[in-house]
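Input: a single structure, listed below in structure tokens.
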Amino acid sequence: MAAQKKAVVGPLVGAVVQGTNSTRFLVFNSKTADLLSHHQVELTQEFPKEGWVEQDPKEILQSVHECIDRTCQKLAELSVDVSNIKAIGVSNQRETTVIWDKLTGEPLYNAVVWLDLRTQPTVESLSKKIPGNNNFVKSKTGLPLSTYFSAVKLRWILDNVRHVQKAVEEGRALFGTIDSWLIWSLTGGVNGGVHCTDVTNASRTMLFNIHSLEWDKELCDFFEIPMDILPNVWSSSEIYGLMKAGALEGVPISGCLGDQSAALVGQMCFQEGQAKNTYGTGCFLLYNTGRKCVFSERGLLTTVAYKLGRDKPVCYALEGSVAIAGAVIRWLRDNLGIIETSEEIEILAKDVGTSYGCYFVPAFSGLYGPYWEPSARGIICGLTQFTSKNHIAFAALESVCFQTREVLDAMNRDCGIPLSHLQVDGGMTNNKILMQLQADILHIPVMKPAMTETTALGAAMAAGAAEGVGVWSLKPEDLSVIIMERFEPQIKATESEIRYATWKKAVMKSMGWVTAESEGSDPALFSSLPLGFFIVGSMIMLIGARYISGIPY
């Protein structure tokens, strides 16, 4: 009997999406943008101390290999020849900092994740060195001095980990964000791996001049970072190197974008004034400002949106950054145990349809945009004896929407032209309760693409369009039409404003929790206790009171 004939399909492009909670590999048809197959692996996060967030770079790399291999197996089961995969794009969690030994290929320290707060003393010390009348850091980078960005994480590692210092002194150390670590490893590692990054990821390190598009000596001197450990900076769409192992050996890696820029490209927001909001571990609203840098007066970041080719122009964006979005759902699952799967939160919220006056500010890592307030911590307020886990679930979803409203309000004022609708993507957008809440709280329509894997799509588009690959056209007339699901506001604007005003009161109460006095408290008594301890304690007392009162719980 003749062997089964392989299906004939157009050129394919793969995309690695390396996120905070998981890694995925997805394969698209470059002519239709259809998703053919994918595989996902969930990742471990480590919390060695209060406020510290780390990941194992080797686990991240292994997850990429596993996702690629399993996706190729699935394609074979569909009778798709993997030799049709002509390019690979990489999109990644941004700011997360890795430093490794170029002679052994081994990480010299765990990856310090973008959410990590250990660098607050470093930030405070550095901020005293910036002249009050010349904030050259922000004017060159578009970023406020914050624990969020890579330079302060790298500075902390160099200050506190002796064997990293030694590796730097001996010329063995390489620094990179996750994209650099992956591309170096996948293109050969110790055997000729390419040490590079793209302009979007470089713009999040706080060492990169977003005007000249180069590493900045004044910034590197300020942070005391040796420039020889930094990767070469390339555009977001060009051939960086070839895969050196696995099922896709020899395939070029030709696209690289930080995850939020990848989603902007995947949503095809190529025109000035277009914006998208991605709901992942955090929540990130990017507004395309075209070829000009727009500096915010309201707590937004100025960042590189993309540069789709070595000789193509750079485009910029205003960004509103929310630290905790999907992470609050994972927290309810893993820390409080009130849900067993992330999907259950939609059921709990739907059952009550209201937070019943309960407000949740998930400031686990302080507050990002538009406040940039590291002293804030998470609170749940407005609790009564009637409050149940369903109301807390609803309040958690609302918190994501309220944080987006704060960022969007700032963006509308900075840009002067309010958005008429919001394009959304990311895993959380599968939650219809969340999407309807977002439309209600913003009081504008929310537009969700039928294919929500826009981060992966953006990375694939950049890879397929690269010079020397040329299997994906980025001409407007050739781009696939995005089919959208539309969520219209269903409540009165006055109700939306009342709920939003109450949320703002809750945000004010979340600030100032970390003070010099609290830092001086007995660490054995308080500092090792997570926020969940206090909330669980309150819930136990609440359940006890209801039990005594004969109220079902």
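All values reported here derive from a predicted model rather than from experimental measurement. Here, residue 1 is the first one in the sequence, and each next residue gets the next number.
The heavy-atom pair separating Ala305 from Leu264 by the smallest distance is CB-CD2, 3.8 Å. Of all non-hydrogen atoms in His443 and Ser496, the two that sit nearest each other are ND1-CB, 4.4 Å.
Under 4.0 Å is where a charged nitrogen must lie from a carboxylate oxygen, and between Asp56 and Lys58 no such pair does. Under the 4.0 Å criterion applied to side-chain N and carboxylate O atoms, Arg499 and Glu398 are assigned as salt-bridge partners. Under the 4.0 Å criterion applied to side-chain N and carboxylate O atoms, Arg413 and Glu297 are not assigned as salt-bridge partners. A salt bridge links Glu485 and Lys432; the closest N-O separation between the charged side-chain nitrogens and carboxylate oxygens is under 4.0 Å. Ion pairing of Arg486 with Glu488 is present here, as a side-chain N (NZ or NE/NH1/NH2) and a carboxylate O approach within less than 4.0 Å. Using a 4.0 Å cut-off between a side-chain N of Lys or Arg and a carboxylate O of Asp or Glu, Glu42 and Arg333 qualify as a salt bridge.
For the pair Arg155 and Phe223, the cation does not sit on the ring face, since its NZ or CZ is not both under 6.0 Å from the ring centre and inside 45° of the axis. Geometrically, Arg94 engages Phe284 in a cation-pi contact defined by less than 6.0 Å to the ring centre and at most 45° from the axis.
Evaluated for a ring-ring contact (aromatic ring centres under 6.0 Å, His included) with His391, the options Phe360, Phe386, Tyr359 yield exactly one hit, Phe386. Just one residue in the list Val137, Leu126, Leu154 forms a side chain to side chain contact (heavy atoms under 4.5 Å, CB included) with Met206, and that residue is Val137. For the side chain to side chain contact (heavy atoms under 4.5 Å, CB included) criterion with Thr177, the lone passing option out of Thr197, Thr96, Thr200 is Thr197.
With ring centers used as reference points, Phe364 lies under 6.0 Å from Trp331.
Heavy atoms of other residues, nucleotides or ligands lying less than 6.0 angstrom from NZ of Lys74 number more than 12. In this structure, Tyr371 places its OH atom where more than 12 heavy-atom neighbours from other residues, nucleotides or ligands lie under 6.0 Å away.
Contact check for Pro107 versus Trp181: side-chain heavy atoms found under the 4.5 Å cut-off. The shortest side-chain heavy-atom distance between Phe47 and Glu54 does not fall under the 4.5 Å cut-off.
Gln274 and Gln423 are not linked by any side-chain donor-acceptor pair at a separation below 3.5 angstrom, with hydrogens and angles left out of the test. Gln260 and Lys276 share a donor-acceptor pair across their side chains, judged by distance under 3.5 Å alone.
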Dump the intermediate steps for ring-ring contact (aromatic ring centres under 6.0 Å, His included) on Phe25 and His39, then the final yes or no. CA-CA 6 Å; Phe25 184 68; His39 189 73; over 10 Å; no
